[in-house]
Number of protein chains: 2
Amino acid sequence: MSESKTVSLAEQMRRGELFSTQCPSREILKHVTSQWGVLVLVALMGGTHRFSELRRKVGGVSEKMLAQTLQYLERDGFVCRVSFPVVPPHVEYSLTPLGRDIGLKVEALADWIESNLPSIMSVQATADQEVVEQQA
Amino acid sequence: MSESKTVSLAEQMRRGELFSTQCPSREILKHVTSQWGVLVLVALMGGTHRFSELRRKVGGVSEKMLAQTLQYLERDGFVCRVSFPVVPPHVEYSLTPLGRDIGLKVEALADWIESNLPSIMSVQATADQEVVEQQA
DNA sequence: CAGTATCCTCATTGATACTG
DNA sequence: CAGTATCAATGAGGATACTG
């Protein structure tokens, strides 16, 4: 597990370099695992959506953050943006093959949490109770 | 976190409520998918670590953020903290069964990104090139 | 060693207003 | 409808100092 200070870019891209500050994966990971990134990916796993549809579906997201999130995901090659030159404007967002692939992973994570929420919340309750007992 | 809204807790826990602002999953998701949460979980998938070991392994993390991240993950029931009453202090962090379960999902996501990084970066390069062409 | 406490900064985010 | 622009506020995060 020893590494030298002078690692090449190719070397950085190899598996296990995730822990390095310079690893490009860190940026991608941030886009994908961001608060709105996760929700947008999961939403788009359900099919193509228009901008306003996404805005309504993803509770609490602002126009600005939705636009920014979509731009990141599009630039990373996960989201496909199709603009129809009509009045009023009509834009559709969908997942690319790459996006569906990673969407599967993100969805698995989100689903796991939703499914195990009862367990987690009961653990939290126990932990909080112990804290109260210690303070008493 | 007090309830007493119009939506019952049982209702909130149902699948698909992830898009709701009030869904408790949102908080868990934030802890797990946070910048340092992801890296700590992946690191602990490799086995038990001490605080300073984690600090060295996870590049760029500050003491404060590492401590905070570990506290969140411990409270959510993903991380187990064992403190040995010796001088100097000795504390070991490991994953609970619940933590290993979700760690698997997070690791899958991180691994996918590392494996597909070349594809993603080439897509990015193409996208950036198109932007340049449009501006010209 | 393994933290906590404090202060401080700057990036992320939200609200609002405006545009093609 | 689908954004962009601008500004303000929040809070994530870092640096430092201190403690059990």
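The model shown is predicted, which means the values in this text are computed figures rather than measured ones. Reminder, nothing fancy here: chain letters follow the sequence lines and each chain counts from 1.
What separates CG of A/Leu70 from P of D/dT4 is a distance of 10 Å, to the nearest Å. Residue B/Arg50 contributes atom CZ, which lies 8 Å from atom P of C/dC1 at whole-angstrom precision. Taking atom NE2 on B/His90 and atom P on C/dG3, their separation rounds to 11 Å, with Å as the unit. Between B/Lys30 atom NZ and D/dG13 atom P the separation is 10 Å, expressed in whole Å. Put simply, NE2 on A/His31 is 15 Å from P on C/dA11, counting in whole angstrom units. Look at CG on A/Leu66: it is 8 Å from P on D/dG3, rounded to the nearest Å. The distance from atom NZ of B/Lys57 to atom P of C/dA2 is 16 Å, rounded to the nearest whole Å. Distance CZ (A/Phe51) to P (D/dG3): 5 Å, rounded to an integer number of Å.
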List, one per line, each side-chain donor-acceptor pair under 3.5 Å for residues 97-109 of chain A, sequence neighbours excluded.
from, atom 1, to, atom 2, distance (Å)
A/Arg100, NH1, A/Leu95, O, 3.1
A/Asp101, OD2, B/Trp112, NE1, 2.7

- Item | Secondary-structure notation, DNA chain D, from Watson-Crick and G-U pairs under 3.5 angstrom (| other strand) | ||||||||||||||||||||

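You'll find that the side chain of A/Ala67 is closest to D/dG3, out of C/dT4, D/dG3, C/dA2. With distances taken from any side-chain atom of B/Met65 to the nucleotides C/dA2, D/dG14, D/dG3, the minimum falls on D/dG14. Side-chain proximity of B/Ser52 to the nucleotides C/dT4, D/dC1, C/dA2 is greatest for C/dA2.
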- Message: What does the B/S/- profile of nucleotides 15-20 of chain C look like, 5' to 3', with a 4.0 Å heavy-atom cutoff to protein?
- Response: B----B

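Using a 30° and 60° split on the angle between ring planes, A/Phe51 and A/Tyr93 fall in the tilted class, from 30° to 60°.
A 4.5 Å side-chain heavy-atom check between A/Asp76 and B/Val123 finds every atom pair outside the cut-off. The shortest distance between side-chain heavy atoms of A/Leu44 and A/His49 falls below 4.5 Å. Considering only heavy atoms from C-beta on, B/Leu117 comes within 4.5 Å of B/Met121 through its side chain. Between A/Val40 and A/Tyr72 the shortest side-chain heavy-atom distance does not fall below 4.5 Å. Put simply, the side chain of A/Leu54 reaches to within 4.5 Å of the side chain of A/Leu70, judged on heavy atoms.
Within 4.0 Å (heavy atoms only), B/Gln71 reaches sugar-phosphate atoms of the nucleic acid but no base atom. Among the heavy atoms of the strands, none lies under 4.0 Å from B/Phe84. At the heavy-atom level, B/Arg55 lies nowhere under 4.0 Å from the strands shown. Using a 4.0 Å heavy-atom cutoff across all strands shown, A/Glu92 reaches no nucleic acid atom at all.
By the neighbour-count criterion of 12 heavy atoms within 6.0 Å, atom NZ of A/Lys30 is sparsely surrounded, having that number or fewer from other residues, nucleotides or ligands.
Not one N or O on the side chain of A/Gln71 forms a donor-acceptor pair closer than 3.5 Å with the backbone of A/Gln68.
Contact check, B/Arg81 against C/dG3: a side-chain N or O comes under 4.0 Å of OP1 or OP2. Distances shown here put a side-chain N or O of A/Tyr93 below 4.0 Å from the OP1 or OP2 atom of D/dG3.
Contact between A/Trp36 and A/Thr69 at its shortest, heavy atoms only, is CB-OG1, 3.5 Å.
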